[in-house]
Asks: 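One structure coming up, written as structure tokens, with questions to follow.
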2 protein chains.
Amino acid sequence: MRLKPLIALCALAFTGTSFADEGMWQPHQLPELESVLKAKGLEIDAKSISKLTEFPMNAVISLGGCTASFVSPKGLVVTNHHCAYGSIQYNSTPENNILENGFLAKDSADDLPAAPGSRVYVTETVTNVTEKVIKGTEKLSAKARYDALEKNQKQLVADCEADDNYRCNVYSFHGGLEFYLIKSLEIKDVRLAYTPAMGVGKYGGDIDNWMWPRHTGDFAFYRAYVGKDGKPAEYSEDNVPFVPDSYLSVSAKGVQEGDFVMVTGYPGRTNRYRIAAEVDYVFNTSYPKARIHNTKYVSLIEENAEDGSKARIAYESTIAGYNNYIKNYGSMIESFNKGTMYERKKQFEQALTNWINNDRRLKRQYGSVLAELSSLVEQSQQHNERDRMLGYVHRSQMISTARRLYRLAYEKQKPNSERESGYQERDLPRLEAGLKRMTRRFDEGVDKAILLHFLELYAALPKQERFTEVDKAFNLQNGFDKTKHKALLDNMYAESSLNDEDTRLELAEQSFAQIKKSDDPFIQYADAIFTVMKAQEDKDKALAGKLQAARPQLMAAIIAFNKAKNKPVYADANSTLRVTYGTVGGYSPQDGLVATPFTSLEGLLAKNTDVEPFNAPEKLQKQIKAKLYGDYTGGMNTVPVNFLSNVDTTGGNSGSPTLNGKAELVGLLFDGVYESIIGDWDYNPALNRSIHVDSRYMLWVMDKVDNAQNLLDEMKIVK
Amino acid sequence: MRLKPLIALCALAFTGTSFADEGMWQPHQLPELESVLKAKGLEIDAKSISKLTEFPMNAVISLGGCTASFVSPKGLVVTNHHCAYGSIQYNSTPENNILENGFLAKDSADDLPAAPGSRVYVTETVTNVTEKVIKGTEKLSAKARYDALEKNQKQLVADCEADDNYRCNVYSFHGGLEFYLIKSLEIKDVRLAYTPAMGVGKYGGDIDNWMWPRHTGDFAFYRAYVGKDGKPAEYSEDNVPFVPDSYLSVSAKGVQEGDFVMVTGYPGRTNRYRIAAEVDYVFNTSYPKARIHNTKYVSLIEENAEDGSKARIAYESTIAGYNNYIKNYGSMIESFNKGTMYERKKQFEQALTNWINNDRRLKRQYGSVLAELSSLVEQSQQHNERDRMLGYVHRSQMISTARRLYRLAYEKQKPNSERESGYQERDLPRLEAGLKRMTRRFDEGVDKAILLHFLELYAALPKQERFTEVDKAFNLQNGFDKTKHKALLDNMYAESSLNDEDTRLELAEQSFAQIKKSDDPFIQYADAIFTVMKAQEDKDKALAGKLQAARPQLMAAIIAFNKAKNKPVYADANSTLRVTYGTVGGYSPQDGLVATPFTSLEGLLAKNTDVEPFNAPEKLQKQIKAKLYGDYTGGMNTVPVNFLSNVDTTGGNSGSPTLNGKAELVGLLFDGVYESIIGDWDYNPALNRSIHVDSRYMLWVMDKVDNAQNLLDEMKIVK
């Protein structure tokens, strides 16, 4: 599966022209693309897709981090298995292991409550609030501008959320050129209706993650519930299934190679408009270094926590996460080195500059914007090695916990609305959950070994790049000495009680005055570096304020440049609702190999070893061997399992409905191929392929393997 | 590259029908296939291919283990880079590293002598000598039969080799149903004329070995030299290039997908006619166990010889060899488990049995043959676990050296002609080379660790499966004790001087009486087990004699069965000259993936990392970037590097010319794809693909990279 979208402070940048089927379009842009869409195979009115409260867009919903869609009049929701994974795991017990074996509520009364915090968001309005956000910030700069923009947005959100059935957010587009207020109905009672066994839903597991050929049945079903009054309500037995304004029909005929498909969903974040200098830094410095340090991080865990030990089990998900990033960065670096993104960026910037310089008015308006942005980008990279190494030092769970507790006490001195994001009342449950989770995810030996390693790397920085306060706290003024510093850390860990859950939860209740008096060595460290780190944070915000002024300028220039060539420009993904369209088709991952667009039941069987993750349920294997295809072949000689298309997607799109020209659901987007990982930066028409579960496979599993006749009956199946 | 053919005592067995393009045909069979060949695209007369002394067959030669062909009137020979590897390495020095950088003799006077022992064999006659071999053996059985067959064959060889310009061998076909005497001119002065750099000839190295996509320029050129009288002679400066009766033209146009191709060469060994019981044993017991033990073997070396240490360097080629087999067995086990070979064998045996039982005469003749062979096969497997474990124990270099020296002294008591094969005068140089080689390939710690491990496994066998003599020698009567046996081995190694090269060479000169008195503990072991091992060997020969009687019977039945259906039967490969034909084309290695039949210069460049084995020479990369294709595209938009076809080949075919319908050289066979490794047992038309270097790539490298204009000038290039 894809990475969950990274929450990043900074926004967008810039790219060249828009290629065939590239683009994550805001729904309101679709009428502009009507002729292209029609030519490709869209049969419904393009204008209807631009209206959020009409079919099919009102059937597409967000789960926060994933996408889903309504597929029945009784609030039935389909999404990816990996999007519902937490809820499936939450309901699994050793006695009733639904993660392993799957689960089907034979009646909606048997639906299981989803994991706490699960939500369904139905976007109802998208309002351009650019003027209101910008108002009063025009003359401001740096941190003042940053703060003013924050304040305006907070006000808009607060006003909108006056109706507490709604969740509101302001999203910045084109790096702050436009702002939209998005208002979504927040359904709070979400339940699990059906999931296939893990040998279907996670078939291929981490081995096949990002890979083609693929045979993953990455689907599961929720059901949305509301109060008897039809309004969102917390979980209650009395709640009733939500009746959506519309829902998607599901195709049992599916698609063929060359067919038009579109995907509607909530892509998380892309960086398509970054300037060449940023791309250079990220691919030649940031990712390669992250890859090296993360690989070391994993090996430190492995060396200090023997296979099968309690310590190792505590870190398994950490290791999986790091390995996922290592694979991800590896693919991107590989693609970058093979490709021409950097050269194309340079060429584009040159063409843009020439175009600007050829017109006196344009030159006045945009003449300095690229240089200005470049200078800001350079500033932001100035201390990157220091920030990187200190960042790793501060990943020690003892340090990060101490700093979080200290900051919490500090923020709690302020009124709720003025607190830093992450420390407001709404954030406290998540914060507490984190403090509790550490109990299961921590081992002193591992944490210490990691801290010791990165302290050594930090200490190797030139003195002027280090912080006196950090040096002092860790006694690094005269350099690093492994034996001495090992002893120092041994001492700190021995004296600290942050590894105790009760202690952590008690500290979370303390006042700032109390916590400042703590004799815990890690809390003392947090105290010692607080002032200098806060000053650093303010500097970063000032730089962010400047970037928030410069990027929109550049984006305005890019939009004008493209408009002159009659080309629409899509904004970088920002977790808001988008539409992307394309065609079902394969690609050539390497000279001498072609990935064909469909996989089949027989291919799944050939891959099957009965050992996880290639352990399809026995019944599924039996039905394949019996060639019991039912009406789910769509004219093929098998039931297709997964398929490829060139739609433009990223993390956050997971679970998105894949629609045909009639807006029938023909699949669920769930991954991209290995060569498309760099797609977050650069769409390569030859290699960018998304992977979908075929609706025929989903229906076949429901019908022939899991006997989910009750769900099939409430859905509208197009045969 | 493929494995070198295994020298195995036992011969052939049986399979089902012959599929499309399956078959390694004896040249004399080709007229039978004429209509098929014509339909496929053969343009020359099929009869001409059946005549060994006519074009094109007289241009195809054996290097002993590899195939090659004449490509100029001046004795120029083309083969695979991996077939000439020894000679390239032999001529490499740190100052003039031709292995790394390549080599071109600008004039034939600059040709370099090939590695000692290099030969070119030109097959001149193939005579059916079945009657002479069988004569007098009809009434014999078991060991008597084995010995009589041996004696008859030795006589035929000796008579034929009376002219010492020739090398003669008797080959058994169809498990001993037919015998052919093959007489080949033995050219003894072979020189290296040209090799590309390793970054061309071994591009992709072990990583790409057996893999597609592939970009290996696996070609090199020898030149055959003879005395001034035109007859074979040992190396001499006065020798002159050999003038072959004919030579192959080389096509600059190459082939396209779907084109007819044929490969002529010397495939080593296949097992297509083994019975179901043998297949069952090999794939369910023998290969899986070998895989486990060989994997352990490698890890024992790695644990006991630190990376980069002198010990590790001594074992690098051993490790590579074992890993090659592990990959090979792994592929075969995988293919076997996915495939239906066993079921098809069973079905075939049933069909054959029914056919035999339906005819009284056939039933009388063949009615019991399958049962009889099955019973012999069962006998041969009876002590397989004992033979396997003792085999691993005896792989200890100290033990194997001791046993070889002891046996040498024993055999030297007899007249040369009566000695066991491997200990005759002609074998002594190779034996001595082995004794010397041990100096560079041995480490006491590693050898001891391996011996200790396998002694433990041997000791775990039931008592009745162990040999008293072995138990006594290693003090295993009361079981294995790691500490005690470690001490015992420490003592044996400390007291032995077999790790000394001079000692070994001295022992090779000793008489049997002398060596029996040796106080070296390993020689004493060899002495202690000699009688029982010799008895065991005689039992094996007796069984082999019985098999030699039974297999031909079964093969005769199979041939008759096929003849009744008008189907010709090809014999299993046995290192004799064969012809296989087929079509250029890709395949699907997995559901969702297609291997396309050609790779390209651009694909090579995309793979290139400048790190071995993906380190193409700079000039080659430059010419690709410049798209300097010359006249070597054959109408494609690039120069094709490697291509796939479904011809039926195996180890020993390496270097074979790939010919088009006009018998022009369009490529060199050099490998098979991963999924075709099981092809030695079973030809799967969907997955069996051979990999060829494209003649266009070879010519392009010679012309545009290595400036081998002098060679191109003496060759006949078809444009």
Side-chain angles (χ1 to χ4, degrees), chain A residues 203-204 208 211-216 257 330 333-335 337-340 584-611 614 624-625 636-644 671 673-675 684 686-687 689 691-692 694 697, chain B residues 203-204 207-208 211-216 257 330 333-335 337-340 584-611 614 624-625 636-644 673-675 684 686-687 689 691-692 694 697:
Chain A
Y203 194 79
D208 273 5
M211 292 297 173
W212 185 264
R214 194 68 164 276
H215 301 85
T216 312
E257 183 164 6
I333 295 164
E334 208 178 288
S335 297
N337 291 334
K338 279 185 190 166
T340 58
V584 176
Y587 74 112
S588 172
Q590 282 181 60
D591 180 41
L593 270 189
V594 166
T596 52
F598 291 92
T599 56
S600 68
L601 289 185
E602 285 68 25
L604 188 158
L605 198 60
K607 225 178 194 177
N608 205 75
T609 58
D610 285 334
V611 177
F614 299 103
I624 299 175
K625 284 174 193 156
M636 296 189 183
N637 201 14
T638 182
V639 175
V641 176
N642 290 164
F643 68 86
L644 294 172
D671 207 355
V673 300
Y674 188 74
E675 294 79 8
N684 183 336
L687 295 175
R689 294 294 177 275
I691 311 181
H692 313 253
D694 198 297
Y697 180 59
Chain B
Y203 193 79
I207 298 171
D208 273 5
M211 292 297 171
W212 185 264
R214 195 67 165 276
H215 299 85
T216 312
E257 183 164 7
I333 295 165
E334 209 178 287
S335 297
N337 290 335
K338 279 185 189 166
T340 58
V584 176
Y587 74 112
S588 172
Q590 282 181 62
D591 180 40
L593 270 189
V594 167
T596 53
F598 291 93
T599 56
S600 68
L601 290 186
E602 286 68 25
L604 188 158
L605 198 60
K607 225 178 196 177
N608 205 75
T609 57
D610 285 333
V611 177
F614 299 103
I624 298 175
K625 284 174 193 157
M636 295 189 184
N637 200 14
T638 183
V639 175
V641 176
N642 290 163
F643 67 87
L644 294 171
V673 300
Y674 189 75
E675 294 79 7
N684 183 336
L687 295 174
R689 293 296 176 275
I691 311 181
H692 313 254
D694 198 298
Y697 180 60

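Residue numbers start from 1 in every chain, and the chains themselves are labelled A, B, ... in the order their sequence lines are given, proteins ahead of strands.
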Asks: With a 6.0 Å cut-off (strictly less than), is the heavy-atom count around CG of B:N637, excluding the residue itself, greater than 12?
Replies: no
Asks: How long is the span from the CG atom in A:L605 to the NZ atom in B:K338, to the nearest 0.5 Å?
Replies: 11.0 Å
Asks: In terms of heavy-atom pairs under 4.5 Å with chain B, which of A:G592, A:G603, A:S588, A:P589 leads?
Replies: A:G592
Asks: Please identify which of these residues, B:H215, B:K607, B:R214, meets the side-chain contact (heavy atoms from CB on, under 4.5 Å) condition with A:D591.
Replies: B:H215
Asks: Once rounded to the nearest 0.5 Å, what's the spacing between atom CD of A:Q590 and atom OG1 of B:T596?
Replies: 10.0 Å
